[in-house]
2 protein chains.
Amino acid sequence: MAEGRPVNSYSGENLLFLTDEQLRQGIEAMFFAYRGFTADPDRILAGMAYGRAHHRAVHFINRAPGTTVNNLLNILGVTKQSLNRVLRTLIEDGLVESKVGKADRRERHLFLTDEGKALEQTLSDAQRARMRMAFRDAGPDAVAGFRTVLEAMMDKDMRRAFAQLRGNTT
Amino acid sequence: MAEGRPVNSYSGENLLFLTDEQLRQGIEAMFFAYRGFTADPDRILAGMAYGRAHHRAVHFINRAPGTTVNNLLNILGVTKQSLNRVLRTLIEDGLVESKVGKADRRERHLFLTDEGKALEQTLSDAQRARMRMAFRDAGPDAVAGFRTVLEAMMDKDMRRAFAQLRGNTT
DNA sequence: CAGCATACGTCAGCGTTGTTGACATTCCAA
DNA sequence: TTGGAATGTCAACAACGCTGACGTATGCTG
């Protein structure tokens, strides 16, 4: 890369801080940070017969108890076959309970059993511990910026899902 | 979740902004944002016989031309067998060139061919476009916070690798 | 009621990408 | 010269995405 003026592939932009180099650093930061983000739960899951997909399912069922399969499908952004494989093992192992809907009997509402809650707790404790350290080290202002950028990086649909989940409890 | 005082599973912490709810929102933000982060290159790669692993390899070879296989292994954090499979197809297809080291002839130094550079450009253009939008929408202060938190979230080794790459050009 | 749509489950097959384990080759360095 | 490091490769496997097809139960609508 040549020295001199910062390179910006998006000419006409008057925001000088958006050099290609800055953007690439952001990209690499996302890559390395996501590795750290998943490392601790992955380590825990490695021992069991579960993987990251199980973690995600358990997380969001815990987050929105009674959610339907279809809803979960939209949040996770995978096919029903892919989710079903995960869900089936979780139900067989007694971590998740599937209840027929009252209003619409076609729907299945998903809940964590006590055992499922225990696993969720274990996994999210590990993940939260890292997040807490990072947030603490970075400070409240940085955390606000972090959240702002991440939200701007999401697809529109995901931003909606995120906001909806956020509104669930806040 | 009960109402009242914010829950904080890490008692004794005097930083009130680190409630479990805040942490969980951070976790979910990472999940959804990472999906967006990879969506565009994934779409491009879906057509070809390549995947995300090829993207990563091409990215870091472009970032540090002449890097050795071992070095790349450490950055990517996968096994040599896994990387080799990807690297082999890239070399066969003429996107990557592998040169025997001069100082140490056991080492292979990796370079992108023109064709490889073209692919890297295409992929990183797409990814940068999203990053640029997010950065622009969020503003410089938020971007600084974003970077700070991400760096704090990395494993120590990854932070080192990240810093080293950053120092490469900055 | 008939017909269509929706929600869910499942079977079969496939691709990418990660893993372990084992082994060969090349080559630097003590 | 010999031990070990760096690399490449084969085989087998698991997790987790995908498509396509099909079946069942249920709900809605004309």
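Chain A is the first sequence line, chain B the second, and so forth, proteins listed ahead of strands; every chain is numbered from 1.
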### Query
Could you give the CG-to-P distance, from A/Leu110 to C/dC8, as a whole number of Å?
8 Å
### Task
Specify the residue among A/Gly101 and A/Val86 whose closest nucleotide of DNA chain D lies further upstream toward the 5′ end.
A/Val86
### Task
Give a yes or no on whether the backbone of A/Gly94 and the side-chain of A/Thr113 come within a donor-acceptor separation of less than 3.5 Å.
yes
### Query
C/dG9 C1' sits how many Å from A/His109 NE2, rounded?
16 Å
### Summary
Whole-Å distance, B/Arg108 CZ to C/dT26 P, equals 10 Å
### Query
Can you say whether the rings of B/His59 and B/His55 are parallel (under 30°), tilted (30 to 60°) or perpendicular (over 60°)?
perpendicular
### Query
Start at the 5' end of DNA chain D and walk down; is the nucleotide closest to A/Gly77 or to A/Arg105 reached first?
A/Gly77
#### Entry: Nearest-Å distance for atom pair CG/P, residues B/Asn84 and C/dA24
17 Å
### Message
Whether the side chain of A/Asp104 engages the backbone of A/Arg106 through a donor-acceptor N/O pair (distance < 3.5 Å, no angle test) should be reported.
### Response
yes
### Query
In whole angstrom, what separates A/Ile91's CD1 from C/dC8's P?
11 Å
### Distance-only donor-acceptor test (3.5 Å): side chain A/Gln81, base C/dG13
no
### Query
Backbone N or O of A/Glu151 within a donor-acceptor pair of the A/Arg159 side chain at under 3.5 Å?
yes
### Task
Considering just the side-chain nitrogens and oxygens of A/Arg88, establish if one lies under 4.0 Å of OP1 or OP2 belonging to C/dT10.
yes
### Query
Base, sugar-phosphate, or nothing for B/His55, non-hydrogen atoms under 4.0 angstrom?
nothing
#### Entry: Which nucleotide in C/dT17, C/dC28, C/dC11 has an atom nearest any side-chain atom of B/Arg52
C/dT17
### Task
Could you state the atom-to-atom distance from CG of A/Leu72 to C1' of C/dG9 in whole Å?
15 Å
### Query
Separation of A/Arg43 atom CZ from C/dG18 atom P, in whole Å?
17 Å
## Note on the structure
Result for ring-ring contact (aromatic ring centres under 6.0 Å, His included) between B/Phe31 and one of A/Phe60, A/Phe162, A/Phe37 points to A/Phe60
### Message
Under the rule for side-chain contact (heavy atoms from CB on, under 4.5 Å), what residues qualify as partners of B/Asp155, not counting sequence neighbours?
### Response
A/Ala39, A/Arg130, B/Met158
#### Entry: Polar side-chain atom of A/Arg128 near backbone of B/Ile27 as donor-acceptor pair, under 3.5 Å
no
### Message
Considering every strand and a 4.0 Å limit on heavy-atom distances, what is the contact class for A/Ala103: base, sugar-phosphate, or nothing?
### Response
sugar-phosphate
### Query
Would one find a side-chain N or O of B/Arg106 under 4.0 angstrom from OP1 or OP2 of C/dA29?
no
### Query
For A/Leu83 and C/dC11, what is the distance between atoms CG and P respectively, to the nearest whole Å?
16 Å
### Query
Which two nucleotides bound the region of DNA chain D that has atoms under 4.0 Å from heavy atoms of chain A, read 5' to 3'?
D/dA15 to D/dG27
### Task
Measure from the side-chain heavy atoms of A/Thr68 and tell me the nearest of C/dT19, C/dC27, C/dC8.
C/dC8
### Query
Considering all heavy atoms of both residues, which atom of B/Ile75 and which atom of A/Phe32 are nearest to each other, and what is their separation?
O-CE2, 3.7 Å
### Query
C/dC23, C/dC28, C/dG18: which one has an atom nearest the side-chain heavy atoms of B/Lys80?
C/dC23
